[in-house]
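Each chain gets a letter, A, B and so on, in the order its sequence line appears, and its residues count up from 1. In this text, all values refer to a predicted model and were calculated from it rather than measured experimentally.
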Amino acid sequence: MPELPEVETLRRDLSRTLVGRTILTATARIPKLFVEPPGPEILVGHTILALSRRAKFLIWELSGDLVMVMHLKLAGQIIHRDAEGRTIASGGHPVPGFTAPMPHKQTNATFTLDDGSTVYMTDIRQFARIRVLYAHDLPAFLRTYRLGPEPLTRAFSSRALAKGLSRHPRLAVKPALLDQRTVAGLGNIYVDESLWQARIHPERLAGSLSEEEIRRLARAIRSVIDHAVTNGVAEILNGRAAPEHAFPRVHGREGARCPRCRREIVKTRVGGRGTYVCGRCQPLPLSVSA
DNA sequence: AACTACTCCTGGAGGC
DNA sequence: TGCCTCCAGGAGTAGT
């Protein structure tokens, strides 16, 4: 569930509470959490210099030429509690709640810091992964993913999107967008939202989109991601946002009315993923569905 | 090379 | 209540 906006929001919040702190202890409950050596013990004594992000990777930049690269996958969550046990930063998957007692049985890693605070990493599905690298090896590590442009940077444009989609001309546009080489950081929710906003059916073949549609899609991706990052995605997903900011607009809203045309939102399956569309706003021409 | 299907996991929902 | 199946889904990988 954590996609670019969730990870970026988390990065910003943790930047305020973690930078300058030194790690006193680091433990993992599940050995496979740290994909390969070194394990968490190497982090002890290192100071957190900055937090950065690439696609859905959360990157802890540490003293001594180390980086810790986290991927929350579907259900990873991070909670930072101060010495009194108050949550001072949190993000990722909202279940269990950020106020739940920590640690609990799904707390898979724990980091204690020099100010008495503690960072808990939880993951009810155990898919999340952590990798510790030398900082000078990080660029090569990221290069192996051949990640596409970040949607909120100048590198992302309708031209860049067209180029990315041209890699999969015979593939449905939804799985093409989920490929991190096309655009970095999109996941199932934001792809559905972007396609709805651009009025493009997820099963349209990537190669069938007109230039105008690709422009619309690029604008939609940028605005959907920007909106989520700007407005604080966790609160939006918790339903606490104002109605005009209700989000998601289609994903997970089977049976609700399309906010644009009032037609019922239907759930389908595209590329093996649960997919939500408005049948009126996002037409699927017969010529490309055959 | 490119695409599909399966896998990793657990918990929650729904059927009976 | 309880047992069963299905589903959630990022990304790695095995198979076609």
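In this structure, CD of A:Gln126 is placed 16 Å from C1' of C:dG10, rounded to the nearest angstrom. What separates CG of A:Leu58 from P of C:dG10 is a distance of 17 Å, to the nearest Å.
Heavy atoms of A:His251 sit under 4.0 angstrom from primed sugar atoms or phosphate atoms, though from no base atom. Residue-level contact check: A:Leu171 touches the backbone only, with heavy atoms under 4.0 Å from sugar-phosphate atoms and none from bases.
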Using atom names, set out every protein N or O paired with an N or O of nucleotides 3-7 of chain C below 3.5 Å, distance rounded to 0.1 Å.
none

Using a 4.0 Å heavy-atom cut-off to protein, can you give one letter per nucleotide of nucleotides 11-16 of chain C, 5' to 3': B if the base is in contact, S if only the sugar-phosphate is, - if neither? BS----
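Annotation for A:Val19 and A:Leu49: closest pair CG1-O, 3.4 Å, computed over non-hydrogen atoms.
Qualifying side chain to side chain contact (heavy atoms under 4.5 Å, CB included) partners for A:Ile124, counting only residues two or more places apart in sequence or in other chains: A:Ala75, A:His93, A:Pro96, A:Gln106. Under the ring-ring contact (aromatic ring centres under 6.0 Å, His included) criterion, A:His168 pairs with no residue at all, not counting sequence neighbours. For A:Ala198, the side chain to side chain contact (heavy atoms under 4.5 Å, CB included) test picks out A:Ile200, A:Arg216, A:Leu217, A:Ala220, with sequence neighbours left out. Every side chain to side chain donor-acceptor pair (under 3.5 Å) that A:Thr22 has, sequence neighbours left out, goes to A:Thr47. Partners of A:His46 by ring-ring contact (aromatic ring centres under 6.0 Å, His included), not counting sequence neighbours: none found. Under the side chain to side chain donor-acceptor pair (under 3.5 Å) criterion, A:Arg146 pairs with no residue at all, not counting sequence neighbours. Partners of A:Trp196 under the ring-ring contact (aromatic ring centres under 6.0 Å, His included) rule, at least two apart in sequence or in another chain, do not exist in this structure.
The span of DNA chain B lying next to chain A, judged by atoms under 4.0 Å from heavy atoms, is bounded 5' to 3' by B:dC3 to B:dG11.
Residues A:Thr122 and A:His104 bring no donor and acceptor atom of their side chains to less than 3.5 Å of each other. For A:Thr25 and A:Thr112, the side-chain atoms include at least one donor-acceptor pair closer than 3.5 Å.
Looking at A:Gln180, its side chain does come within 3.5 Å of a backbone N or O of A:Leu186 through a donor-acceptor pair.
Sorted by first and then second residue, the salt bridge (charged side-chain N to carboxylate O under 4.0 Å, His left out) pairs with a member in residues 26-50 of chain A read A:Glu36-A:Arg131; sequence neighbours excluded.
At its two ends the helix from B:dA2-C:dT16 to B:dC16-C:dG2 runs along axes set 50° apart, each axis drawn from five pairs and the angle rounded to 10°.
The residue among A:Arg181 and A:Val95 whose nearest nucleotide of DNA chain B is located toward the 5' end is A:Arg181.
The environment of A:Arg159 atom CZ is sparse: at most 12 non-hydrogen atoms of other residues, nucleotides or ligands sit within 6.0 angstrom.
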